[in-house]
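To start, the structure itself, in structure tokens.
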Protein chains: 2
Amino acid sequence: MRAITQTDIVCVMAHLTASVEYGLHCLLWLAGSAVPLSSRDLAEFQGISPSFVAKIFPKLEKAGIVGASEGVHGGYLLTKEPGDISVLDVVDAIEGQKPLFDCQEIRGRCAVFGERPPGWATTGTCAIHAVMLRAEKAMRDSLASQTLADVAGVLDRKAPADFSNDVRDWLDGRVKSRARKPVGRELSSQPGIDEP
Amino acid sequence: MRAITQTDIVCVMAHLTASVEYGLHCLLWLAGSAVPLSSRDLAEFQGISPSFVAKIFPKLEKAGIVGASEGVHGGYLLTKEPGDISVLDVVDAIEGQKPLFDCQEIRGRCAVFGERPPGWATTGTCAIHAVMLRAEKAMRDSLASQTLADVAGVLDRKAPADFSNDVRDWLDGRVKSRARKPVGRELSSQPGIDEP
DNA sequence: AAAACTCGGATAATCTCTATCCGTGTTTAT
DNA sequence: ATAAACACGGATAGAGATTATCCGAGTTTT
């Protein structure tokens, strides 16, 4: 059985993208960590692309969700309580308030208008656009009502008691192994994650 | 001033696509028509691509929203009352229930699991996926709550009294002009709509 | 001084959406 | 009967976005 690589993932181009998924998963692990975790730690821990995760975190930092510390023992930490970070905050930080619908103002091109459409046809919001804006607001309200703490709570109730210990051990070992001479054999215990 | 052509439209790749926008605009005009309108009638009336509109209508027909009649005076008619067609019906007919979010099951790739993740980690719905599904349901509920009749009502209140007469005249003239020898000069009274 | 980190830019591959064209079969008007 | 117009489906090309990777510059800790 071969390890799953990034090239196995197919693009589906949904509105809420894989970037958001990666970011949320990383933030969940960050919510339970007292020490800074680097983007590479988080990526290899979850078996996802380190270079791609590294592109996501600067966006989260600009949005004030995480803070970065540089240097050998640097990494990211949450800057707010998990209960104060909504899923919508993360989505907007990564996708930049991407609209659900892009109105092309077809209403003004009606053939009976000729060259220039009358004012009543182009003022205000297009009736179809208004429907989409209401749907978008419903979606955003739902995303805003759930916080990272809510999602983390669901995970905690599913996982057995010793799982969080295993996770902390793995991440702590990862952090402690920095700034040492590479051990070679030990680091390759997670094969096939980074190379195609 | 140059007429707007199809190549002027830029792709933005929102979740609710231009296909849905075109379809809804066409259905609104269809809601006010007693005679069948062809996809080309509807496209040229609105200054949008006839061949692209022609690809949308078979989907609407399969969904039971419109019915087609073939032949020289053929075209499409609504098969239901506008009040019985929700915007969600149209969106699903054209986009095929495209999901808002595509979960890639990252939870099962955690490094502490090794080759095979334990059952508790992969059963049920991923907690992050569940958040997105709730948001998607909120969006779909909103779209389902609005019908074509609602949208058409907004338009009717904005347009002046003689607008619907102008529209009917244009479309009727269009339908009547079928199956006649091409007049040449008369048909080119809407220039620059079809050719780049 | 060396090592590890963050950060930003540049680049390639892949996918979806948009748009167009062509051929087949059917119905209606001349 | 013949021609015109229609619906329908398949094949094809271009544009844009997302995903993924690599490299160099600057910073901090050991």
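Every chain is numbered from 1 and lettered A, B, ... according to where its sequence line falls, protein lines coming before strand lines.
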- Query: Does Ser69(B) put a side-chain nitrogen or oxygen below 4.0 Å from OP1 or OP2 of dT27(C)?
  - Reply: no
- Query: Looking across every strand, which nucleic acid part, if any, lies under 4.0 Å from Phe57(B) by heavy atom: base, sugar-phosphate, or nothing?
  - Reply: nothing
- Query: With sequence neighbours left out, what residues match Phe52(A) under ring-ring contact (aromatic ring centres under 6.0 Å, His included)?
  - Reply: Tyr22(A)
- Query: Starting at the 5' end of DNA chain D and moving along, which residue's nearest nucleotide shows up first, Val20(A) or Tyr76(B)?
  - Reply: Tyr76(B)
- With the side chain of Thr17(B) defined as its heavy atoms from C-beta on, choose the nearest nucleotide among dT18(C), dA19(C), dT18(D). dT18(C)
- Item | Between C1' of dT20(C) and CD1 of Ile48(B), the distance in whole Å | 15 Å
- Side-chain atoms of Ser38(A) come closest, of dT6(C), dA20(D), dT20(C), to dT6(C)
- Euclidean distance, atom CD of residue Glu44(A) to atom C1' of dC5(C) [Å, nearest integer]: 14 Å
Pick out the pairs of N or O atoms, protein on one side and nucleotides 23-27 of chain D on the other, that lie under 3.5 Å.
from: dT27(D); atom 1: O4'; to: Glu70(A); atom 2: OE1; distance (Å): 3.1

- Message: How many whole angstroms separate atom CZ of Phe101(A) from atom P of dC17(C)?
- Response: 15 Å
- Query: Of all the choices, dT20(C), dG8(C), dT18(C), which nucleotide is nearest to the side chain of Ser19(B) once you look at every atom?
  - Reply: dT18(C)
- Item | Rounded distance in Å - NZ (Lys62(A)) to P (dT6(C)) | 14 Å
- Task: May I ask you to say what Lys59(B) touches in the nucleic acid, namely base, sugar-phosphate or nothing, with a heavy-atom cut-off under 4.0 Å?
- Result: nothing
- Please work out which of the three classes, parallel, tilted or perpendicular, describes the rings of His15(A) and His15(B), given edges at 30° and 60°. perpendicular
- Query: Would you say a side-chain N or O of Tyr22(B) is under 4.0 Å from OP1 or OP2 of dA19(C)?
  - Reply: yes
- Task: Sequence neighbours left out, what pairs pass ring-ring contact (aromatic ring centres under 6.0 Å, His included) with at least one residue falling in residues 78-103 of chain A?
- Result: Phe101(A)-His129(A)
- Message: In whole Å, I'd like the distance from the CD atom of Gln104(A) to the C1' atom of dC17(C).
- Response: 11 Å
- Listed nucleotide nearest any side-chain atom of Lys55(A), set dT21(D), dC5(C), dT18(C): dT21(D)
Below 3.5 Å, can you tabulate the donor-acceptor pairs from side chains in residues 56-63 of chain A to any protein atom, sequence neighbours excluded?
none

- Item | Nearest-angstrom distance from the residue atom NE2 of His73(A) to C1' of dA3(C) | 11 Å
- Task: Could you verify whether a donor N or O on one side chain and an acceptor N or O on the other, from Glu95(B) and Ser19(B), lie under 3.5 Å apart?
- Result: no
- Message: For Glu95(B) and Ser39(A), find the nucleotide of DNA chain C closest to each by heavy atoms; which residue's nucleotide sits nearer the 5' end?
- Response: Ser39(A)
Identify each donor-acceptor pair in which a side-chain atom of residues 147-159 of chain B lies under 3.5 Å from a protein atom, sequence neighbours left out, and give them as a table.
from: Thr147(B); atom 1: OG1; to: Ala149(B); atom 2: N; distance (Å): 3.3
from: Thr147(B); atom 1: OG1; to: Asp150(B); atom 2: N; distance (Å): 3.3
from: Thr147(B); atom 1: OG1; to: Asp150(B); atom 2: OD2; distance (Å): 3.2
from: Asp150(B); atom 1: OD2; to: Thr147(B); atom 2: N; distance (Å): 2.9
from: Lys158(B); atom 1: NZ; to: Thr123(A); atom 2: O; distance (Å): 2.7

- Could you state the CG-P distance from Asp102(B) to dA17(D), rounded to the nearest angstrom? 20 Å
- Separation of dA13(D) atom P from Phe52(B) atom CZ, nearest Å, is 18 Å
Tabulate below the donor-acceptor pairs under 3.5 Å that side-chain atoms of residues 133-141 of chain B make, not counting sequence neighbours, or state none.
from: Arg134(B); atom 1: NH2; to: Gln146(A); atom 2: OE1; distance (Å): 3.1
from: Glu136(B); atom 1: OE2; to: Leu100(B); atom 2: N; distance (Å): 3.3
from: Lys137(B); atom 1: NZ; to: Asp141(B); atom 2: OD1; distance (Å): 3.4
from: Lys137(B); atom 1: NZ; to: Asp141(B); atom 2: OD2; distance (Å): 2.7
from: Arg140(B); atom 1: NH1; to: Asp92(B); atom 2: OD1; distance (Å): 3.1
from: Arg140(B); atom 1: NH2; to: Asp92(B); atom 2: OD2; distance (Å): 2.7

- Query: Just to confirm, is there a sub-4.0 Å distance from OP1 or OP2 of dA17(D) to any side-chain nitrogen or oxygen of Lys98(A)?
  - Reply: no
- Item | Closest listed nucleotide, where the reference is the side chain of Arg40(A) and the choices are dC5(C), dT19(D), dA5(D) | dC5(C)
- Item | Inter-residue atom distance Ile65(B).CD1 - Leu78(B).CG, 0.5 Å rounding | 9.0 Å
